[in-house]
Participant: 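Mind looking over this structure? Questions follow.
Predicted, not measured: the structure shown is a model, and the values here were computed from it.
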Amino acid sequence: AAELASRRGLPAARLDAIKKHALGRLGDPSLSVQNVARSQGVTPRYVQLLFERDGRTFSAFLLQSRLALAHRRLSDPATALQPISAIAIECGFGDLSYFNQSFRKAYGETPSEVRNSARHDKLKC
C-alpha cells in the first residue's frame with residue numbers, strides 16, 4: 001500500500017484497500033458502501049467518489065465481482081453438485097431472479113448453460 005501510495009497517491013491506495021476489503025466479503029449480502037466506508041474510516045461519499053474516479057460505481061464493482069465469483073464456481077468441477085441457488089447465495093445474491101438476469105446479461109449465457117458447458121468440457125478431457 002505504501003508503494004502504491006507513493007506512485008499514484010493516497011486515493012489510489014485507499015481505493016485498492018477498499019476493493020480488497022469488498023472482495024474478501026463478496027458472500028455477505030449486506031455488504032454496502034456504508035459498511036466498507038465504516039471499515040476504512042471514511043465517509044460513504046468518499047468511497048463513491050473514489051469509484052467514480054476509477055470509472056464505475058461501487059455497486060457496479062460489487063455486481064461484477066460477485067458475478068465473476070459465481071461464474072468461477074459454476075465452472076469448477078469441485079462445485080458441480082452444488083445447487084446453482086446455493087452458489088448464488090454464497091456469492092452474495094439474495095434474489096435468484098436478479099442473479100439469473102444479471103448473469104445472463106454479463107455472460108450471454110444462463111448459469112445452467114455455463115455449468116453444463118463446464119461439465120461437457122470436463123467429459124472431453
Participant: Are L62 and V42 grouped together when hydrophobic residues (ILVMFWY) are joined by side-chain heavy atoms under 4.5 angstrom apart?
Facilitator: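 L62 and V42: one cluster.
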Participant: Output the distance between atom OG (S112) and atom CG (N100), rounded to the nearest 0.5 Å.
Facilitator: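 Reported to 0.5 Å precision, the distance equals 7.5 Å.
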Participant: Answer whether the closest heavy-atom distance between the side chains of L50 and F58 falls below 4.5 Å.
Facilitator: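 No, their side chains stay 4.5 Å or more apart.
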Participant: To check you understand the geometry: which heavy-atom pair defines the closest contact between D76 and A78, and what is its length?
Facilitator: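 Taking every non-hydrogen atom into account, OD1-N, 2.9 Å.
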Participant: Shared ILVMFWY cluster between L67 and Y98, side chains joined below 4.5 angstrom?
Facilitator: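 Yes: a chain of side-chain contacts under 4.5 Å links L67 to Y98.
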Participant: Looking at side-chain heavy atoms only, is the closest gap between K19 and D54 below 4.5 Å?
Facilitator: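 Of all side-chain heavy-atom pairs linking D54 with K19, at least one is under 4.5 Å.
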Participant: Under the ring pair (Phe, Tyr, Trp, His ring centres under 6.0 Å) definition, can you give me all pairs with a residue in residues 71-92, not counting sequence neighbours?
Facilitator: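 Non-adjacent pairs meeting ring pair (Phe, Tyr, Trp, His ring centres under 6.0 Å): H71-F103, H71-Y107.
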Participant: Any non-hydrogen side-chain atom of R115 less than 4.5 Å from a side-chain atom of I87?
Facilitator: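 Result yes, sub-4.5 Å side-chain heavy-atom pair found.
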Participant: Do the side chain of T79 and the main chain of R73 share a donor and acceptor less than 3.5 angstrom apart?
Facilitator: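 Side chain of T79 to backbone of R73, a donor-acceptor pair under 3.5 Å: yes, one is there.
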Participant: If you define the side chain from C-beta out and look only at heavy atoms, does anything of P111 sit under 4.5 Å from F99?
Facilitator: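 Yes; the side chains approach each other to less than 4.5 Å.
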Participant: Working to the nearest 0.5 Å, report the span between CD of E109 and CG of N116.
Facilitator: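 Between E109 CD and N116 CG, I get 10.0 Å after rounding to 0.5 Å.
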Participant: Is it true that K20 and D16 have a side-chain N and a carboxylate O under 4.0 angstrom from each other?
Facilitator: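 Yes.
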Participant: Is there a continuous path of hydrophobic side-chain contacts, each under 4.5 Å between heavy atoms, that joins L63 to L31?
Facilitator: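 No; L31 is not reachable from L63 via cluster members.
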Participant: To the nearest 0.5 Å, what is the distance between CZ on F93 and OG on S102?
Facilitator: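 Going from CZ on F93 over to OG on S102, the span is 6.0 Å.
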Participant: Passes side-chain contact (heavy atoms from CB on, under 4.5 Å), E90 versus Q82? Steps please.
Facilitator: CA-CA 11 Å; E90 287 176 3; Q82 190 173 12; 2.7 Å; yes
Participant: What residues, two or more places apart in sequence or in another chain, satisfy side chain to side chain contact (heavy atoms under 4.5 Å, CB included) together with S65?
Facilitator: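 Listed in chain order: L23, L26, F61.
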Participant: Count I, L, V, M, F, W, Y as connected when their side-chain heavy atoms are under 4.5 Å apart, and connections chain through other members. Are L10 and V47 then in the same cluster?
Facilitator: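 No.
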Participant: Over all heavy atoms of both residues, which pair between A37 and P44 is shortest? Give the atoms and the distance, please.
Facilitator: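 The pair with the smallest heavy-atom distance is CB-N, 3.5 Å.
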Participant: Got Y46 and P11 here, is their nearest side-chain heavy-atom distance under 4.5 Å?
Facilitator: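 SC-SC contact between Y46 and P11 confirmed.
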Participant: Hey, is the main chain of S32 close enough, under 3.5 Å, to the side chain of N35 for a donor-acceptor pair?
Facilitator: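 Checked: pair present.
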Participant: I want to check something: taking the side chain as every heavy atom from C-beta on, are H21 and Q40 in contact at a cut-off of under 4.5 Å?
Facilitator: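 Yes, at least one pair of side-chain atoms sits under 4.5 Å.
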